Amino acid sequence: MDGLMMAFPLTLPHLFQRAADYYPEVEIVSRRPDKSLHRTNYAEFHGRAQQLANALKRLGLKPGERVATLAWNHSRHLEAYFAIPLAEGVFHTLNPRLSPTDLSYIMNDAEDVMLLVDDVLLPVWEKLKADVKVRQVVVWAHGQDLPEGTLDYEQLIAAEPASYEIPAIDENQAAGLCYTSGTTGRPKGVLYSHRALVLHSMVSALPDVLGASFTDVVMPVVPMFHVNAWGLPFTCTMIGAKQVFPGPHLDAVSLLDLMAGEGVTKTAGVPTIWLSLLDALDKAPPGTWDLSKLNEIISGGAAAPPSMIERFERDHGLHVVQAWGMTEMTPLGTVSRIKPSLAGLPAEEKLALRATQGLPVPLVEVRVESLEGPAPWDGKAMGELMVRGPFIASAYFKNPAEATKFTEDGWFRTGDIVTTSPEGYVRITDRSKDLIKSGGEWISSVDLENALIGHPAVAEAAVVAVPHPKWDERPVACVVLRPGASATPDELRAFLAPKFAKFWLPDAYLFLEAIPRTATGKFMKMALRKQLKDFRWSGNE
Ligand code: AMP
């Protein structure tokens with residue numbers, strides 16, 4: 001027997017309307033390229049997004065067509081997040097840090113018909129425009145003259161009415177598109193439905209997930225082109241939280257100024273950003289920034305070193321919460337918070353748990369497959385993490401070649417190798433392609449990196465597998481020292497020795513100026529492995 005509930009579609013217009021009806025006065029603050037602050041609110045945003053939806057229709061946007069955005073985090077980008085799906089189009093966020101070759105490949109693969117671009121990112125567009133065909137280019141400008149053939153966003157929307165008749169939208173219709181950063185192979189498109197974005201917003205707002213409320217002031221430092229700033233702009237609009245956008249200014253001092261000035265309560269970003277903030281806080285006289293309202297720093301996208309979590313807490317009274325996810329998962333998968341049943345654990349065990357990736361969020365199911373079958377929850381057995389749920393991709397956009405990432409019984413293979421603690425906390429030990437296999441045993445590069453970064457002289461560390469004649473592979477540590485600091489390989493080895501089995505310890509330490517990174521800030525281990533391919537072992541390792 002069927003239940004007798006309405007078949008009410010889960011679509012973005014509901015979130016959009018709700019913000020304007022109940023929280024019209026709540027602010028959305030953005031930092032402009034010239035560093036001044038722009039202030040708007042949900043009432044104004046509601047009108048402007050409808051103007052944009054009307055403009056898109058007038059420019060000829062047809063249902064299902066993709067509209068690209070090449071932009072930093074700001075309120076005009078938020079307008080596009082809603083206006084494009086309202087106009088039945090698909091917003092497609094582009095990462096300006098990618099190479100022109102990748103960007104033109106992605107735009108052509110997505111068949112983008114229009115582009116909305118920041119004035120400060122026009123130089124990026126200049127480099128790829130010869131290889132891409134779009135019908136219109138609209139610039140998010142600041143009153144200056146624009147290149148020929150482009151449209152000014154403000155002029156475009158000023159000509160439109162602020163009310164737009166929202167069509168009936170099926171919840172399974174596509175609303176957004178984002179390509180994975182992919183450290184190997186061509187970027188792959190993930191196509192989000194309205195339903196996935198709405199369910200993800202609901203889950204992310206839960207207190208034990210990202211825990212967002214209308215009392216919060218949320219600053220996504222994670223870019224809006226990196227999995228929709230982890231969905232936060234949608235979540236915040238749904239619940240009427242104040243949003244603060246840093247624009248192109250992602251240096252530590254600009255971020256700290258903005259957090260203190262706007263009373264930010266929650267922020268989210270990758271560990272590289274938080275490490276730079278930590279350095280700035282350490283160097284500044286106490287009280288330089290009033291961060292008393294900041295309840296939580298959410299860290300994701302790469303492993304948060306335990307020493308970073310500890311230093312924030314101990315030296316600055318700031319609480320870091322680790323989350324794990326993927327572009328294919330909209331992106332939330334797990335969040336690490338201490339369950340009440342574990343509240344009595346000693347402080348160092350709690351820290352160790354908080355440094356894991358955490359418990360799966362509601363509506364995400366996980367399964368861990370080792371080579372011998374399902375991996376037990378013993379905190380030791382490693383296996384590949386698989387996931388399923390209503391906001392997880394079921395296929396890549398136009399890419400049947402990648403079908404092997406999806407199992408026949410309905411799971412997505414994450415490519416992450418994990419262990420599970422007896423209480424269900426998932427801990428990532430590696431990407432499957434980054435695991436080091438030495439003498440038939442697995443060594444986790446992430447564990448070694450997390451430990452190395454705890455050494456006071458180490459700013460960054462990446463551990464990679466290097467082919468070895470006897471052991472198959474052995475770990476080599478690539479280390480960037482802090483400015484002015486020094487450390488020898490022997491010192492680093494002695495520092496790691498008490499924490500690991502002997503065979504885990506890296507056989508060599510290379511000191512580098514910088515570790516190559518992907519466009520989303522992750523270590524590009526492929527590049528390091530290539531660099532070390534001809535590494536010469538000195539003797540009897
Ligand atoms: P992306 O789709 O670009 O966000 O990349 C997803 C991948 O980033 C995951 O499969 C993980 O390997 C890695 N990742 C994301 N969050 C974390 C985290 N908290 N700890 C460790 N790795 C992470």
Side-chain angles (χ1 to χ4, degrees), residues 93-95 97-98 102 106 176-185 187-192 200 209-210 220 222-232 268-275 297-306 308-309 320-337 352-361 364 366 368 382 384-387 391-393 396-397 402 405 412-419 425-435 444-450 453 462-463 517-526:
T93 52
L94 295 169
N95 181 346
R97 295 176 184 139
L98 292 174
D102 272 346
I106 288 173
L177 175 65
C178 182
Y179 279 67
T180 59
S181 42
T183 42
T184 52
K188 303 179 277 283
V190 179
L191 194 56
Y192 307 110
H200 184 270
V209 181
L210 300 189
V222 48
M224 289 171 82
F225 55 77
H226 191 181
V227 215
N228 314 323
W230 301 343
L232 283 169
V270 294
T272 329
I273 293 274
W274 304 138
L275 285 166
I297 298 175
I298 294 156
S299 180
M308 180 186 95
I309 302 178
V320 176
V321 174
Q322 166 142 241
W324 164 85
M326 298 181 78
T327 307
E328 292 87 339
M329 301 175 70
T330 318
L332 270 176
T334 63
V335 178
S336 201
R337 296 180 187 276
L353 264 190
R354 283 176 50 207
T356 70
Q357 279 59 35
L359 298 173
V361 303
V364 170
V366 303
V368 181
M382 293 190 206
E384 186 182 8
L385 181 62
M386 301 188 193
V387 291
F391 41 85
I392 296 173
Y396 289 110
F397 181 53
E402 290 285 341
K405 294 288 274 300
F412 168 66
R413 295 177 197 276
T414 66
D416 282 328
I417 304 297
V418 305
T419 62
Y425 286 70
V426 170
R427 194 170 71 85
I428 295 196
T429 55
D430 244 317
R431 292 292 292 160
S432 53
K433 57 186 180 298
D434 294 336
L435 260 181
S444 154
S445 64
V446 175
D447 286 359
L448 290 167
E449 288 157 8
N450 277 341
I453 200 116
V463 178
R517 288 180 184 274
T518 66
T520 46
K522 293 174 210 251
F523 291 152
M524 204 154 37
K525 292 200 174 168
M526 274 259 292

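Whatever order the structure lists them in is the order used to number ligands and atoms, beginning at 1. Here the structure is a predicted model, which means the values were calculated and not measured.
In this structure a side-chain-to-backbone donor-acceptor pair under 3.5 Å is present from Q322 to T356. In this structure, T429 contributes its side chain and I417 its backbone to a donor-acceptor pair below 3.5 Å. A donor-acceptor contact shorter than 3.5 Å is absent between the side chain of H200 and the backbone of F391. Although no hydrogens or angles enter the test, the distance criterion places a donor-acceptor pair under 3.5 Å between the side chain of T414 and the main chain of L385. Judged by distance alone, the side chain of T334 and the main-chain N or O of Q357 form a donor-acceptor pair under 3.5 Å. The backbone N or O of R337 sits less than 3.5 Å from a side-chain atom of Y425, completing a donor-acceptor pair. N95 places no side-chain N or O within donor-acceptor distance of the main-chain N or O of F225, the cut-off being under 3.5 Å.
Residue contact check for ligand 1: H226 places a non-hydrogen atom closer than 4.0 Å to it. Within the structure, the closest approach of D416 to ligand 1 falls below 4.0 Å when heavy atoms are considered. Close to ligand 1: A323, with a non-hydrogen atom less than 4.0 angstrom away.
The Q322 neighbourhood of ligand 1 comprises atoms 18 (C), 19 (N), 20 (N), with distances under 4.0 Å to a heavy atom of that residue. For ligand 1, the atoms sitting less than 4.0 Å from at least one non-hydrogen atom of T327 are 1 (P), 2 (O), 3 (O), 4 (O), numbered in the order shown with element in parentheses. Distances below 4.0 Å separate heavy atoms of K522 from the following atoms of ligand 1: 1 (P), 3 (O), 4 (O), 5 (O), 6 (C), 7 (C), 8 (O), 13 (C). Residue-ligand proximity, M326 to ligand 1, at heavy-atom distances under 4.0 Å covers atoms 2 (O), 6 (C), 9 (C), 10 (O).
Scanning G325, G415, A355 for the heavy atom closest to atom 6 (C) of ligand 1 points to G325.
Of the heavy atoms in R431, only side-chain atoms (C-beta onward) come closer than 4.0 Å to ligand 1. Neither the backbone nor the side chain of A304 comes within 4.0 Å of ligand 1, counting heavy atoms alone.
To the nearest 0.5 Å, atom CG of residue L232 and atom CG of residue L210 are 6.0 Å apart.
On a distance-only criterion, Q357 and ligand 1 share at least one N/O pair closer than 3.5 Å. Backbone and side-chain nitrogen or oxygen atoms of G301 are examined, and one is located within less than 3.5 angstrom of a nitrogen or oxygen of ligand 1.
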